[in-house]
Amino acid sequence: MDRDLVKIQSFGVDSFNFEEAVDYAYSHPGQIVTINPEMISAASKMPEFANVISNADLVVPDGIGVEIGLKILGHNIRRIPGIELGKALIVKFSNENKSVAMVGAKPEIITKAVENLKSEIPNLNIVYSHDGYFSDDNEILNNVTAAGPDLVLVALGSPKQEFFINALKSKLPNTTMIGLGGSFDVWAGAVNRAPVIWRKLGLEWLYRVINEPRRIKRIFPTLPVFVLNVCKERLFTKKC
Ligand code: UDP
């Protein structure tokens, strides 16, 4: 299976569906980026972050914002929520007797998330886990490397987690690594995902804003500006 990338705001996004993304991530080690409009906006102002995204080995559209943007550009590609891809990868790697490492979130959160995942996925083999509040990146990078996991899940928020994974890539060239934002909080049961109907309607972002109003600052004006920029991109590429 080869990558088939489409461009949005100069970033390549893979056109895989969910199952293809899981299979590709399983059989191709490297960095997975779950891209959203906030990341695209941050990367457009931060060349080092843009480089990390451009050098990623798999880039999936995480959320309705990128899905809408892609649609405006004429690409019918379904969103792949990072939290669902992350869980599917844990299950897939565990079924194949592969090992997993997790880094991120508050100490009590990572402990509870690991506990919950272990009871949900009996053959899960977690060889390393650490919370995301450390001062010495190198120490944690070396510890993860020494554990030699096949799959690494990093939840430090963006762009911290993408930089962390990028630094890990050369140390663990045969490992699949994914940045997962606030997923550990959900797996620990500390935060609820939006009910399925909200997700189906593409309103997970609204549910999160209602439950965590501070998130509004991340979405506005980033989301409308992103949609506007994509419209300009479409006009510019004369595809409309
Ligand atoms: N986090 C962390 N270390 C930090 C900053 C954040 O481990 O220095 C964790 C935080 O506890 C949370 C996750 O990173 O579990 C970020 O969640 P957020 O909801 O901000 O991410 P998003 O899904 O919006 O990218």
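Order of listing sets the numbers, starting from 1, for every ligand and every atom in it. Throughout, residue positions are numbered sequentially from 1 according to the sequence presented. The shown structure was predicted, so the numbers you read here are calculated from the model rather than taken from an experiment.
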Asker: Say whether Gly104, considering both its backbone and side-chain N or O atoms, lies within less than 3.5 Å of an N or O atom on ligand 1.
Answerer: no
Asker: So which bit of Ala105 gets within less than 4.0 Å of ligand 1, heavy atoms only: side chain, backbone, both or neither?
Answerer: both
Asker: Answer yes when Glu233 and Lys7 have at least one side-chain N-carboxylate O distance shorter than 4.0 Å, and no when they do not.
Answerer: no
Asker: Between Lys118 and Glu115, is there a salt bridge with N-O shorter than 4.0 Å?
Answerer: no
Asker: With heavy-atom distances below 4.0 Å as the criterion, list the atoms of ligand 1 near Arg208.
Answerer: 19 (O), 23 (O)
Asker: Salt bridge or not for Glu84 and Lys87, using N-O below 4.0 Å?
Answerer: no
Asker: Around atom 5 (C) of ligand 1, find the nearest protein heavy atom and jot down its residue, atom name and distance.
Answerer: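 Atom 5 (C) of ligand 1 sits closest to the protein heavy atom Leu156 O, 3.6 Å.
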Asker: Heavy-atom contact under 4.0 Å between Glu38 and ligand 1?
Answerer: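 Checking ligand 1 against Glu38, which is what was asked, there is no heavy-atom contact under 4.0 Å.
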Asker: Quick one about Lys169 and Asn55 (side-chain donor to acceptor, distance below 3.5 Å, no hydrogens or angles considered), yes or no?
Answerer: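 Side chains of Asn55 and Lys169: no pair found under 3.5 Å.
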Asker: Anything under 30° is parallel, anything over 60° is perpendicular, the rest tilted; go ahead and classify Phe164 against Phe134.
Answerer: tilted
Asker: Assess the side chains of Ser41 and Lys45: does a donor N or O sit below 3.5 Å from an acceptor N or O?
Answerer: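 On atom types as modelled, these side chains qualify, holding a pair under 3.5 Å.
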Asker: Applying a strict 4.0 Å limit to heavy atoms, is Gln161 in contact with ligand 1?
Answerer: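 Not so, Gln161 does not reach ligand 1.
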Asker: With a 3.5 Å distance limit and no angle check, can you tell me whether Glu162 reaches the backbone of Val52 through a side-chain donor-acceptor pair?
Answerer: no
Asker: How far is atom 8 (O) of ligand 1 from the closest protein heavy atom, and which atom is that?
Answerer: Lys160 NZ, 2.5 Å
Asker: Quick one: nearest non-hydrogen protein atom to atom 24 (O) of ligand 1, plus distance?
Answerer: Arg218 NH1, 2.6 Å
Asker: How far is atom 21 (O) of ligand 1 from its nearest protein heavy atom, and which residue and atom name does that atom have?
Answerer: Gly182 N, 3.4 Å
Asker: Looking only at protein heavy atoms, identify the closest one to atom 12 (C) of ligand 1 and say how far it is in Å.
Answerer: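 Minimum-distance protein heavy atom for atom 12 (C) of ligand 1 reads Asp185 OD1, 3.4 Å.
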Asker: Just to confirm my output: which protein heavy-atom neighbour is closest to atom 1 (N) of ligand 1, and how far is it?
Answerer: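 Result: Tyr133 OH, 3.2 Å.
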Asker: Tell me, which protein residue and heavy-atom name are nearest atom 3 (N) of ligand 1, and how many Å apart are they?
Answerer: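 Ranked first by proximity to atom 3 (N) of ligand 1 is Gly132 O, 2.8 Å.
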Asker: Answer yes when Lys106 and Glu108 have at least one side-chain N-carboxylate O distance shorter than 4.0 Å, and no when they do not.
Answerer: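 Answer for the salt bridge query: no.
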Asker: Are Arg215 and ligand 1 in contact, using a heavy-atom cut-off of under 4.0 Å?
Answerer: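 Under 4.0 Å: yes for Arg215.
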Asker: Would you kindly say whether Ser99 and Asn125 are connected by a side-chain donor-acceptor distance under 3.5 Å?
Answerer: no
Asker: At what distance is the nearest protein heavy atom to atom 13 (C) of ligand 1, and which residue and atom is it?
Answerer: Gly181 O, 3.4 Å
